[in-house]
Amino acid sequence: MIFSQLKVLRSHGRQSIKKLSAVELSPMFRGRPEIGEMDPGLAADIQAICPSGAFRAEPLSIDLGRCAFCGECAAMSGGAVKFTNDYRMASNRRENLIVRPGMKQVVFDESAVRQEICSRYRRALKLREVSAGGDNSTEMELNASMNVNFDFGRYGVEFTASPRHADGLVVSGPITRNMHTALDICYCSVAEPKIVIAAGYDAISGGIFAGSPALNREFFDHVRPDLYLPGNPVHPMTFIDGVMKLLRRQMK
């Protein structure tokens with residue numbers, strides 16, 4: 001019996017990506033945008049049609065914390081705006097998510113990482129994912145990071161079912177009014193020191209629902225995320241790359 005099972009496993013071969021740091025996504029993937037020179041009038045027109053208010057004409061910029069990655073700005077810009085396939089967009093500072101002309105990367109400030117994060121969770125990190133009114137897209141991508149393809153669990157990072165067993169929270173969704181109290185309870189149930197990750201443009205800024213009376217985003221008034229993950233939805237590699245930077249680990 002055992003030999004037949006081993007034979008099946010051998011026939012499957014290695015299914016996980018051997019070297020995550022060498023992953024290159026399809027050119028069709030809309031990742032980190034780049035901005036070139038643009039006529040002020042055209043920039044104003046693009047700002048007017050941006051569904052989430054991420055594109056600003058003055059000063060010329062794209063806020064990845066608000067960007068829906070719809071691609072409308074690139075389509076209107078005549079080549080001045082293009083979306084690369086770079087998934088390395090995670091940052092631990094909200095202001096670093098503002099992409100300006102000439103920027104070639106999203107900066108992650110290692111000096112701003114709390115020391116207890118590296119000392120306690122470098123080898124193992126358990127996270128509780130909370131969908132605070134999300135549409136299940138980012139939630140599916142986060143789950144995909146643990147599948148046989150990406151196998152993020154090999155680095156000791158896993159999702160857990162209970163906040164009592166977690167070292168931190170991954171918040172997705174714009175935080176609706178009916179999820180505000182539940183999110184607070186979940187946060188208080190995680191032992192100190194705890195990590196908070198905002199996953200997706202709707203979690204970071206409210207997205208297209210920002211300002212809606214259906215939301216209650218007071219949670220982020222008293223809790224500062226340790227990691228911001230742009231995307232709509234967040235790609236598994238954006239999540240993996242961001243967490244590994246937060247833990248100051250390399251994907252070997």
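Note that the structure is predicted; figures quoted are calculated from it, not measured.
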Practice task
Flag the pair Lys245 and Asp241 as a salt bridge only when some basic side-chain nitrogen lies within less than 4.0 angstrom of an acidic carboxylate oxygen.
Solution key: yes

Practice task
In plain terms, say whether Arg94 and Asp63 are close enough for a salt bridge, that is, a side-chain N and a carboxylate O under 4.0 Å apart.
Solution key: yes

Exercise for the section: Please indicate whether Arg164 has more than 12 foreign heavy atoms, meaning atoms of other residues, nucleotides or ligands, lying under 6.0 Å from its CZ. Expected result: no

Problem - Criterion side-chain hydrogen bond (donor to acceptor under 3.5 Å, both in side chains) against Arg32, the qualifying member of Asn85, Asp86, Thr238 - result: Asp86

Exercise for the section: Mark yes when over 12 heavy atoms from residues, nucleotides or ligands other than Arg177 sit less than 6.0 Å from its CZ; otherwise mark no. Expected result: no

Problem - Side-chain heavy-atom pair Lys194, Tyr187 within 4.5 angstrom cut-off - result: yes

Exercise for the section: Flag yes if Val190 and Phe220 sit in one hydrophobic cluster, no otherwise; membership is Ile, Leu, Val, Met, Phe, Trp, Tyr, and two members link when side-chain heavy atoms are under 4.5 Å apart. Expected result: yes

Fill in the blank from the handout: Checking Val171, Asn92, Leu127 against Ile197 for side chain to side chain contact (heavy atoms under 4.5 Å, CB included), the one that qualifies is Leu127

Practice task
Output yes when a side-chain donor or acceptor of Arg217 lies under 3.5 Å from a complementary backbone atom of Pro174, and no otherwise.
Solution key: yes

Exercise for the section: Hey, could you give me the SG/CG distance between Cys73 and Leu42, rounded to the nearest 0.5 Å? Expected result: 10.5 Å

Handout entry: Ring geometry between Phe239 and Phe159 (parallel below 30°, tilted from 30 to 60°, perpendicular above 60°)
Key = parallel

Practice task
Ignoring hydrogens and angles, state whether a donor on the side chain of Thr84 or Glu34 is under 3.5 Å from an acceptor on the partner side chain.
Solution key: no

Practice task
Check whether any side-chain heavy atom of Leu227 sits under 4.5 Å from a side-chain heavy atom of Ile195, and report yes or no.
Solution key: no

Problem - Residue pair Tyr155 / Leu247, side-chain heavy-atom distance below 4.5 Å - result: no

Problem - Non-hydrogen side-chain atoms of Glu129 and Glu139 separated by less than 4.5 Å - result: yes

Practice task
Mind telling me whether His235 and Phe150 have parallel, tilted or perpendicular rings, with 30° and 60° as the class edges?
Solution key: perpendicular

